[in-house]
Undergrad: 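Could you have a look at this structure, given as structure tokens, before my questions?
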Amino acid sequence: MTEVSPNWNEFYGQEVATKLSFFSKEGRIYDCLFSQQFDRALLDRMFAVADKMRRIAQTKEGADFLSSLLSHKRAMLYFVQPSTRTFLSFLNACHILGLKASEIRDTNTSSEIKGESPEDSVRTFSSYVDLIIMRHPVPGFVEKTAWVMNRAKRPVPVINGGSGKDQHPTQALLDVYTLTSCLKDGVDGKTIVMVGDLKRGRTVRSLSYLMKNYKGVRLIFVSPPQLKMERDILDFLSRHLIPYRETDSLEPVLREADAIYMTRIQDEHDTAGESRNVDYSKFCLRTQDLAVIKKTCIIMHPLPRRDEIELTVDEDDRAVYWRQERNGMWARAALIAHIFRVEDQILKRA
Ligand code: CP
């Protein structure tokens with residue numbers, strides 16, 4: 001681990017690339033905070049571990065083996081922003097590997113209501129558990145927790161389950177796992193169309209970062225003009241020579257797509273109702289669009305959805321979003337196995 005500034009604001013202001021070593025140990029991810037922490041070799045290894053765990057867990061003997069691996073560890077799920085699938089998939093990933101899990105989902109029921117700072121709250125968790133998995137509405141707070149924990153007397157790894165509008169790296173992990181497993185010949189060379197509120201969508205931001213690991217990928221961003229992908233992501237793509245284009249018209253690009261990644265409007269991030277007047281109906285996938293898209297194209301969504309995918313689309317074999325959310329449990333279990341260094345035991349099991 002590198003020497004770091006003891007001043008949080010100074011540390012936070014640094015480029016992500018310069019901070020990554022602080023969140024690693026012996027060349028491995030210790031705190032999972034950013035998509036930029038994953039390289040291709042690690043992604044492929046995670047997916048191999050996830051695939052292997054799925055197979056092992058099909059028998060009671062196999063499931064018992066998996067749940068013995070980390071039965072001496074405890075995890076804290078601190079999710080103080082709403083979540084269904086990230087919370088449940090992490091909780092069940094912990095169960096698969098035998099970790100005992102505690103949770104706080106509402107600061108009204110913790111001592112934060114008595115005036116305890118969030119920083120002191122997370123420090124308290126480290127007295128009891130061996131892993132903190134968290135979702136927090138404040139950008140940078142998950143990173144701050146990892147910064148605090150890494151400098152504490154009893155360091156505890158931290159996983160980012162969604163942080164403000166900025167990153168959702170384990171969603172990106174499961175998204176690429178889904179792309180890899182559902183697209184013929186994998187992600188290389190594919191055209192991925194991301195649709196919706198790209199400005200405030202932390203899933204599309206994190207997924208865009210991961211594209212640096214794949215060759216010949218093209219991205220098409222389809223959004224209302226007010227909700228375009230942010231400049232920092234576009235600059236990242238340019239620096240990594242990943243071609244992209246932006247449009248506010250979905251229909252003309254549908255037939256180019258190998259994968260369509262739909263997202264809902266993220267109006268929980270409105271500060272003054274700024275998305276109230278956005279016509280989101282143009283950023284929806286309907287049954288009639290199924291006749292236009294490639295036979296091999298997959299349709300993804302991080303979920304939850306509102307109206308941006310018609311319910312009838314669910315019946316089409318190309319709609320993989322329910323598989324995608326199940327993949328999340330296995331991808332997250334693979335990540336936890338990596339952090340606690342038990343993935344070799346999983347891969348070696350006959
Ligand atoms: N995709 C996702 O983060 O879903 P939840 O908000 O339900 O966790």
Side-chain angles (χ1 to χ4, degrees), residues 1-39 42-43 45-46 49 70 73-81 86-87 89-90 93-94 97 99 101-102 104 118-164 166-174 202 205-206 209-210 328 331-343:
M1 224 172 256
T2 50
E3 283 300 311
V4 289
S5 168
N7 178 303
W8 162 246
N9 288 328
E10 197 175 270
F11 179 81
Y12 187 48
Q14 293 175 315
E15 289 288 323
V16 167
T18 64
K19 297 188 274 191
L20 292 185
S21 61
F22 180 64
F23 300 115
S24 307
K25 267 191 183 170
E26 296 161 24
R28 300 164 66 93
I29 291 178
Y30 180 73
D31 304 295
C32 179
L33 306 175
F34 315 104
S35 281
Q36 296 94 311
Q37 290 175 276
F38 295 100
D39 61 23
L42 180 56
L43 289 168
R45 186 170 164 82
M46 294 265 184
V49 173
L70 294 175
K73 299 288 183 189
R74 293 183 298 279
M76 176 73 206
L77 278 75
Y78 178 64
F79 274 60
V80 294
Q81 198 185 29
T86 309
F87 176 82
S89 61
F90 265 122
C94 287
L97 289 163
L99 286 103
S102 320
I104 288 181
E119 288 82 355
D120 280 1
S121 274
V122 293
R123 196 159 212 154
T124 299
F125 306 153
S126 74
S127 299
Y128 307 127
V129 301
D130 306 293
L131 171 67
I132 298 172
I133 304 165
M134 59 189 287
R135 169 172 289 192
H136 205 277
V138 176
F141 188 70
V142 182
E143 183 185 342
K144 187 174 188 183
T145 301
W147 179 79
V148 169
M149 289 302 146
N150 285 356
R151 298 165 68 249
K153 289 209 163 45
R154 186 175 180 274
V156 173
V158 175
I159 299 178
N160 180 358
S163 154
D166 46 348
Q167 282 249 10
H168 195 350
T170 64
Q171 177 72 45
L173 183 67
L174 76 92
R202 56 194 175 196
R205 291 176 57 78
S206 288
Y209 282 127
L210 274 194
R332 287 168 172 137
L335 174 64
I336 294 170
H338 173 80
I339 289 172
F340 287 107
R341 301 172 182 239
V342 293
E343 76 266 52

Undergrad: So, Asp130 side chain and Arg74 main chain: donor-acceptor pair closer than 3.5 Å or not?
TA: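 Confirmed, Asp130 side chain pairs with Arg74 backbone.
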
Undergrad: Between Leu33 and Leu20, is there a side-chain heavy-atom distance shorter than 4.5 Å?
TA: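 Leu20 vs Leu33: side chains apart.
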
Undergrad: Which is it for Thr145 and Val148 under the side-chain contact (heavy atoms from CB on, under 4.5 Å) test, yes or no, and what are the steps along the way?
TA: CA-CA 5 Å; Thr145 301; Val148 169; 5.8 Å; no

Undergrad: Closest heavy-atom contact between Val138 and Ser163?
TA: O-OG, 4.2 Å

Undergrad: Looking at Phe11, I'd like to know if the NZ or CZ of Lys19 sits under 6.0 Å from its six-membered ring centre while staying within 45 degrees of the ring's axis.
TA: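 Yes, a cation-pi geometry holds between Lys19 and Phe11.
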
Undergrad: Identify the two heavy atoms, one from Asp39 and one from Leu42, that lie closest to each other, and give their separation to 0.1 Å.
TA: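 Smallest interatomic distance, heavy atoms only, reads OD1-N, 2.8 Å.
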
Undergrad: Count the heavy atoms belonging to other residues, nucleotides or ligands that lie under 6.0 Å from CZ of Arg123, then report whether that count exceeds 12.
TA: no

Undergrad: Under 4.5 Å between any side-chain heavy atoms of Phe340 and Leu97, yes or no?
TA: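 Side chain of Phe340 against side chain of Leu97, heavy atoms only: no contact under 4.5 Å found.
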
Undergrad: Begin from the C-alpha positions of Ile133 and Phe87 and carry the test side-chain contact (heavy atoms from CB on, under 4.5 Å) through to its verdict.
TA: CA-CA 9 Å; Ile133 304 165; Phe87 176 82; over 6 Å; no

Undergrad: Would Gln167 and Gln36 count as having a side-chain donor-acceptor pair, cut-off 3.5 Å?
TA: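 Yes, because at least one side-chain N or O of Gln167 sits under 3.5 Å from a partner of the opposite role on Gln36.
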
Undergrad: Output yes when a side-chain donor or acceptor of Arg28 lies under 3.5 Å from a complementary backbone atom of His338, and no otherwise.
TA: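 It does hold such a pair.
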
Undergrad: Which atom pair, heavy atoms only, marks the closest approach of Ala146 to Phe23?
TA: CB-CE2, 3.7 Å

Undergrad: Would a 4.5 Å heavy-atom cut-off, applied to side chains only, mark Lys144 and Tyr12 as touching?
TA: no

Undergrad: Are Gln171 and Arg332 side-chain neighbours, meaning at least one heavy-atom pair lies under 4.5 Å?
TA: yes

Undergrad: Between Asn160 and Glu143, does the side-chain contact (heavy atoms from CB on, under 4.5 Å) criterion hold? Intermediate values first, please.
TA: CA-CA 8 Å; Asn160 180 358; Glu143 183 185 342; over 6 Å; no

Undergrad: For the residue pair Val122 and Tyr78, establish whether any side-chain heavy-atom pair is separated by less than 4.5 Å.
TA: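 Heavy-atom side-chain distance check passes, below 4.5 Å.
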
Undergrad: If you round to the nearest 0.5 Å, how far is CE of Met134 from CZ of Phe125?
TA: 7.5 Å

Undergrad: Over all heavy atoms of both residues, which pair between Phe22 and Asn150 is shortest? Give the atoms and the distance, please.
TA: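 It is O-ND2, 3.1 Å.
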
Undergrad: How long is the gap from NZ on Lys25 to CG on Asp31, to the nearest 0.5 Å?
TA: 8.5 Å

Undergrad: Minimum heavy-atom separation for Gly161 and Thr86, please, with both atom names.
TA: O-CG2, 3.6 Å

Undergrad: Assess the side chains of Ser126 and Arg154: does a donor N or O sit below 3.5 Å from an acceptor N or O?
TA: no

Undergrad: Would you call Arg135 and His168 a side-chain contact if the rule is heavy atoms closer than 4.5 Å?
TA: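 Counting from C-beta outward, Arg135 and His168 do come under 4.5 Å.
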
Undergrad: Tell me whether Gln37 contacts the main-chain N or O of Phe34 through its side chain, where contact means a donor paired with an acceptor under 3.5 Å.
TA: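 The answer is yes, because a donor-acceptor pair under 3.5 Å joins these two groups.
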
Undergrad: Going by side-chain contact (heavy atoms from CB on, under 4.5 Å), name the residues that satisfy it together with Ile339, two or more places apart in sequence or in a different chain.
TA: Pro157, Ile159, Leu335

Undergrad: Taking all non-hydrogen atoms of both residues into account, name the closest pair between Pro118 and Phe141 and its distance.
TA: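 Minimum heavy-atom contact is CB-CZ, 3.3 Å.
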
